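Given the structure is predicted, the values throughout are model-derived calculations rather than measurements.
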Amino acid sequence: MAKHYREQLEALQLALVRTQMAMVGSDERVVIVLEGRDGAGKDGVIKRITEHLSVRATRVVALPKPSDRERTQWYFQRYAVHLPAAGEIVIFNRSWYNRAGVEVVMGFSTATEQEAFLRDAPDFERMLVESGIRLVKIWLDITKDEQADRLEARRTDPLKALKVSDMDKVAQAKWADYSAARDTMLTRTHTPFAPWHIVCANDKKDARIAIIRHILHRIAPPEIAGEVPLPDPALLFPFDMAALEDGRLAK
């Protein structure tokens, strides 16, 4: 099983390298937004995506909390400065969607600011897409029990000490609040030009394979994408309203 995973991953990483080589000298620009609860596996999948890519043409953006100056700016401003130039791939490890998630649950912004975000985010993303950026948005979904296990592993493994955050302490207690914020975010910001895709991420390795396959089908040239299997639709699927009630999203 481990060997099969490594073989699949290596083939997908090679396809990513070939895709980035095809982007060199082109006007292609890619933005990948990875969102999910604490412990959902964003760091792990980013590591596998970027492992063999060019450090000059690939950037991972994981912004800290905004400074006092940034709090006075247009909300999207601190994210817009990190958007890609020609030939670049930018991966947001959490993104402007902080305003629809942790800020809602923890009260870091007002209800008025949150409503303005939900109204404006689709317009912001439409402008990105119309400018030629390929925008890929993925929500990594895990169950409450799986999150509890992963957060406990962080607390007890010295090598994972840097992953521990204050937000971990309330992730389980505010599980229902995060579920409600997620559902509102997906409902209000899933659009034809910037759709959300959901990945069931309880199994980290299966989730990584599904995500990289999906990304390749969204950004790779046809001759490369055609060699890549589609992700398992039971693991990764486009968001639709039925998913809020039929068990595909963890409650």
Side chain of [X], backbone of [Y]: donor and acceptor closer than 3.5 Å?
{"X": "Ser95", "Y": "Phe92", "answer": "no"}
{"X": "Thr143", "Y": "Glu146", "answer": "yes"}
{"X": "His197", "Y": "Leu236", "answer": "no"}
{"X": "Arg59", "Y": "His82", "answer": "yes"}

Subject >> Test side-chain contact (heavy atoms from CB on, under 4.5 Å) applied to Val31 and Ile219, Val129, Ile133, the passing residue >> reply: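 Answer to the side-chain contact (heavy atoms from CB on, under 4.5 Å) test with Val31 among Ile219, Val129, Ile133: Ile133.
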Q | Partner of Leu34 by side-chain contact (heavy atoms from CB on, under 4.5 Å), out of Asn93, Val136, Leu140 | A |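 By the side-chain contact (heavy atoms from CB on, under 4.5 Å) criterion, Leu34 pairs with just one of Asn93, Val136, Leu140: Leu140.
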Self-check item: Any Asp149 side-chain heavy atom under 4.5 Å of Leu151 side chain
Solution: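 Not touching, per the 4.5 Å side-chain cut-off.
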Requested in this report: Answer whether the closest heavy-atom distance between the side chains of Ser179 and Arg37 falls below 4.5 Å.
Outcome: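 Result yes, sub-4.5 Å side-chain heavy-atom pair found.
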Strictly below 4.0 Å, N to O, side chains only: are [X] and [Y] in salt-bridge contact?
{"X": "Arg126", "Y": "Glu130", "result": "yes"}
{"X": "Arg29", "Y": "Glu88", "result": "no"}
{"X": "Arg155", "Y": "Glu152", "result": "yes"}
{"X": "Lys204", "Y": "Asp43", "result": "no"}
{"X": "Lys137", "Y": "Glu125", "result": "yes"}
{"X": "Asp141", "Y": "Arg182", "result": "yes"}
{"X": "Arg150", "Y": "Asp145", "result": "no"}
{"X": "Glu115", "Y": "Arg119", "result": "no"}

Shortest non-hydrogen contact from [X] to [Y]?
{"X": "Asp206", "Y": "Asp203", "result": "N-OD1, 2.9 Å"}
{"X": "Ala210", "Y": "Pro231", "result": "O-CB, 3.6 Å"}
{"X": "Ala194", "Y": "Thr191", "result": "N-OG1, 3.0 Å"}
{"X": "Trp196", "Y": "Thr189", "result": "NE1-OG1, 2.9 Å"}
{"X": "Ala40", "Y": "Ala201", "result": "O-CB, 3.7 Å"}
{"X": "Lys144", "Y": "Gln172", "result": "O-NE2, 3.0 Å"}

In Å and rounded to the nearest 0.5 Å, what is the [atom1] to [atom2] distance from [X] to [Y]?
{"X": "Tyr79", "Y": "Leu63", "atom1": "OH", "atom2": "CG", "result": "5.5 Å"}
{"X": "Thr19", "Y": "Leu12", "atom1": "OG1", "atom2": "CG", "result": "10.5 Å"}
{"X": "Lys160", "Y": "Arg154", "atom1": "NZ", "atom2": "CZ", "result": "8.5 Å"}
{"X": "Ile32", "Y": "Leu135", "atom1": "CD1", "atom2": "CG", "result": "9.5 Å"}
{"X": "Arg134", "Y": "Glu28", "atom1": "CZ", "atom2": "CD", "result": "4.0 Å"}
{"X": "Leu128", "Y": "Phe76", "atom1": "CG", "atom2": "CZ", "result": "9.0 Å"}

**Request:** Check the pair Lys65 / Asn98 against side-chain contact (heavy atoms from CB on, under 4.5 Å), numbers first and verdict last.
**Result:** CA-CA 10 Å; Lys65 66 180 181 180; Asn98 278 336; over 6 Å; no
Other residues, nucleotides, ligands: >12 heavy atoms within 6.0 Å of [X] [atom1]:
{"X": "Met21", "atom1": "CE", "value": "no"}
{"X": "Glu223", "atom1": "CD", "value": "yes"}
{"X": "Asp246", "atom1": "CG", "value": "yes"}
{"X": "Lys251", "atom1": "NZ", "value": "yes"}
{"X": "Glu10", "atom1": "CD", "value": "no"}

Same cluster or not: are [X] and [Y] linked, directly or through other Ile, Leu, Val, Met, Phe, Trp or Tyr residues, by side-chain heavy atoms under 4.5 angstrom apart?
{"X": "Ile49", "Y": "Val61", "value": "no"}
{"X": "Val105", "Y": "Tyr97", "value": "no"}
{"X": "Met106", "Y": "Trp175", "value": "no"}
{"X": "Tyr5", "Y": "Val199", "value": "yes"}
{"X": "Val33", "Y": "Met185", "value": "yes"}

*With side-chain contact (heavy atoms from CB on, under 4.5 Å) as the test, would you mind laying out the steps for Leu186 and Ile198 before giving the verdict?*
CA-CA 10 Å; Leu186 293 173; Ile198 314 300; 4.0 Å; yes
* Are side-chain N/O atoms of Gln20 and Ser54 paired as donor and acceptor at under 3.5 Å? ->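 No, because no side-chain N or O of Gln20 sits under 3.5 Å from a partner of the opposite role on Ser54.
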For Phe237, does the six-membered ring have the charged nitrogen or CZ of Arg248 within the cation-pi criterion, i.e. under 6.0 angstrom from the centroid and within 45° of the normal?
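Verdict for Phe237: a cation-pi partner in Arg248.
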**Prompt:** Quick one: is the NZ or CZ of Arg78 closer than 6.0 Å to the six-membered ring centre of Trp96, and within 45° of its axis?
**Reply:**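 No - Arg78 does not lie over the ring of Trp96 by the 6.0 Å and 45° rule.
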### Task
Output, in order, the C-alpha distance, side-chain angles, deciding distance and verdict of side-chain contact (heavy atoms from CB on, under 4.5 Å) for Phe108 and Arg99.
CA-CA 8 Å; Phe108 293 156; Arg99 177 137 294 178; over 6 Å; no
| said: Quick one, Gln114 with Glu103, criterion side chain to side chain donor-acceptor pair (under 3.5 Å). Give me CA distance, side-chain angles, the key distance, then yes/no. | reply: CA-CA 8 Å; Gln114 294 154 15; Glu103 291 192 21; 5.8 Å; no
(Q) Pair Arg208, Leu9 - check side-chain contact (heavy atoms from CB on, under 4.5 Å), show working. (A) CA-CA 8 Å; Arg208 291 166 188 166; Leu9 180 61; 5.5 Å; no
Please list, chain by chain and in numerical order, all residues satisfying side chain to side chain donor-acceptor pair (under 3.5 Å) with Glu113, sequence neighbours excluded.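 Partners of Glu113 under the side chain to side chain donor-acceptor pair (under 3.5 Å) test: Thr110.
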